[in-house]
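A quick write-up on the structure given underneath.
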Amino acid sequence: MRLLISFLVGGLFGLGLMVSGMTDTTKVQGWLDVFGAWDPTLAFVMGGAILPMLAAWQLTRRRRSAVLGTPFPPKSTLGIDRQILLGSILFGAGWALVGLCPGPAIASLSYGGTEGLAFLIAMATGMLLLRLWQRCAQ
Amino acid sequence: MIFAALPTDWLYGLLGGLMIGTAGSVLLLVNGRIMGISGIFGDMIDGSSRSKLAENAALVAGLIVFPALFAATGAAPATLITGDWLLIVIGGLLVGFGTRMANGCTSGHGVCGISRMSPRGIVATLIYLTAGGVTMLLARHVLTVI
């Protein structure tokens, strides 16, 4: 059951990305291009996505655990540390260069051709490099 | 276009956004998980959360299969990705490295974090939006590489 829900959630997320236009990298780059031909679509996507989530977080307060028994995820104990600041700067920079964040990057496997696949491989490599770097730094 | 009935981009954006938020709500309320794609995909490939491996893989599979079916209908919106390989490699490395370092991306920190009023989610989102805007300004209007 958990697997089926995960599969369908991934599917609905992917379809939402396509319908919203967020799989079109020119729209994402247009949102970040405040000093050029600014495209406000992403704000509507974010707003539309946050609305149901606001209700969902409210519902979690009335229940002890999720429907399938898992406790709700606790808030992170980490504060605003250097990792989140530097990591978000690097992510934002990469996001602007191509117009893909992790969700659309994975979805792009199905339609993004060789370029989408190459981006996904580079992204996966970046993720593994971060772990490697953390292990070396310890 | 099956969406021709909707006249403007922002309506598609709102509709797609509601779908994304509904997906995140279902995952939270039914499975008790945060729909953060960088975490789900990252944990899957670096093996850092073996107990969730099957769930993570199922979500990633859905995220590939459903858009593929939609794309196969020929009705899906246009998807354009740059053909500049240097940008693709640098951009991909930065997005992967950065989201794992920050423990989240647009879905986890943005959609799930902001709606939870999480200070980390809000701060991360403000920073990656600003960094993205500055990078765009430099790369497009100063260096004119994109």
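Note: hydrogens, waters and symmetry copies are ignored here, and every other heavy atom, side chains too, is used. Just so it is clear: chains get the letters A, B, ... in the order the sequence lines come, proteins before strands, and each one is counted from 1.
Counting only heavy atoms from C-beta outward, the side chains of B:Trp10 and A:Thr41 never approach each other to under 4.5 Å. B:Ser38 is listed as a side-chain neighbour of A:Met127, based on a closest heavy-atom distance under 4.5 Å. By the 4.5 Å heavy-atom criterion applied to side chains, A:Leu54 and B:Met117 are counted as neighbours.
Distance OG1/B:Thr22 to CG/B:Leu27: 12.5 Å, rounded to 0.5 Å. Atom-to-atom distance recorded for A:Asp24:CG and B:Tyr12:OH is 12.5 Å, nearest 0.5 angstrom. Taken from OG in A:Ser108 to CE in A:Met123, the straight-line distance is 8.5 Å, to the nearest 0.5 Å.
Looking at A:Asp33 and B:Arg140, a side-chain N of the basic residue comes within less than 4.0 Å of a carboxylate O on the acidic one, giving a salt bridge.
For B:Val123, the part lying under 4.5 angstrom from a heavy atom of chain A is the side chain only. Using a 4.5 Å cut-off between heavy atoms, B:Val65 touches chain A through its side chain atoms alone. For a residue to count as touching a neighbouring chain, one of its non-hydrogen atoms must lie under 4.5 Å from one of that chain's; by this rule B:Leu14 touches chain A with backbone and side chain alike. Both the backbone and the side chain of A:Met53 come within contact range of chain B, with heavy atoms under 4.5 Å apart. Contacts between B:Leu129 and chain A at a heavy-atom distance below 4.5 Å involve backbone atoms as well as side-chain atoms.
Residue pairs meeting the ring pair (Phe, Tyr, Trp, His ring centres under 6.0 Å) criterion with at least one partner in residues 14-34 of chain A, sequence neighbours excluded, are A:Trp31-A:Trp38.
Checking side-chain atoms of B:Arg120 against main-chain N and O of A:Gly79 turns up a donor-acceptor pair under 3.5 Å. A distance-only check finds no donor-acceptor pair linking the side chain of B:Ser49 to the backbone of B:Asp43 [under 3.5 Å]. Formation of a donor-acceptor pair under 3.5 Å by the B:Ser107 side chain with backbone atoms of B:Ile37 is found in this model. Here the side chain of A:Gln29 pairs a donor or acceptor atom with the backbone of A:Ala96 at under 3.5 angstrom.
Residues from residues 4-14 of chain A that place a non-hydrogen atom less than 4.5 Å from a non-hydrogen atom of chain B comprise A:Ile5, A:Ser6, A:Phe7, A:Leu8, A:Val9, A:Gly10, A:Gly11, A:Leu12, A:Phe13, A:Gly14, given in numerical order. Residue-level contacts of residues 130-138 of chain A with chain B, in order of numbering, are A:Leu130, A:Arg131, A:Trp133; threshold 4.5 Å between heavy atoms.
Between chain A and the residues B:Gly133, B:Ala58, B:Ser25, B:Gly98, the largest count of heavy-atom pairs under 4.5 Å involves B:Ala58. Put simply, of A:Arg2, A:Glu115, A:Gln83, the one with the most heavy-atom pairs under 4.5 Å next to chain B is A:Arg2. No other option in B:Val145, B:Ile114, B:Leu137 has as many heavy-atom pairs under 4.5 Å with chain A as B:Leu137. When B:Cys112, B:Gly104, B:Gly110, B:Gly42 are compared by the number of non-hydrogen pairs under 4.5 Å with chain A, B:Cys112 comes out ahead. Between chain A and the residues B:Pro67, B:Ala57, B:Pro119, B:Gly32, the most heavy-atom pairs under 4.5 angstrom are made by B:Pro67. When B:Ala23, B:Ser115, B:Ala139, B:Ala131 are compared by the number of non-hydrogen pairs under 4.5 Å with chain A, B:Ser115 comes out ahead. In terms of non-hydrogen atom pairs under 4.5 Å with chain A, the most contact-rich of B:Leu29, B:Leu18, B:Asn31, B:Ile127 is B:Asn31.
For the side-chain contact (heavy atoms from CB on, under 4.5 Å) test, residues two or more places apart in sequence or in another chain that qualify with B:Val60 are A:Ile106, B:Ile40, B:Phe41, B:Met44, B:Ile64.
With B:Met35 as the fixed residue, the side-chain contact (heavy atoms from CB on, under 4.5 Å) test singles out one of B:Val26, B:Leu28, B:Ile20: B:Ile20.
Between the side chains of B:Asp84 and B:Thr82, no donor-acceptor pair is found at a separation under 3.5 Å.
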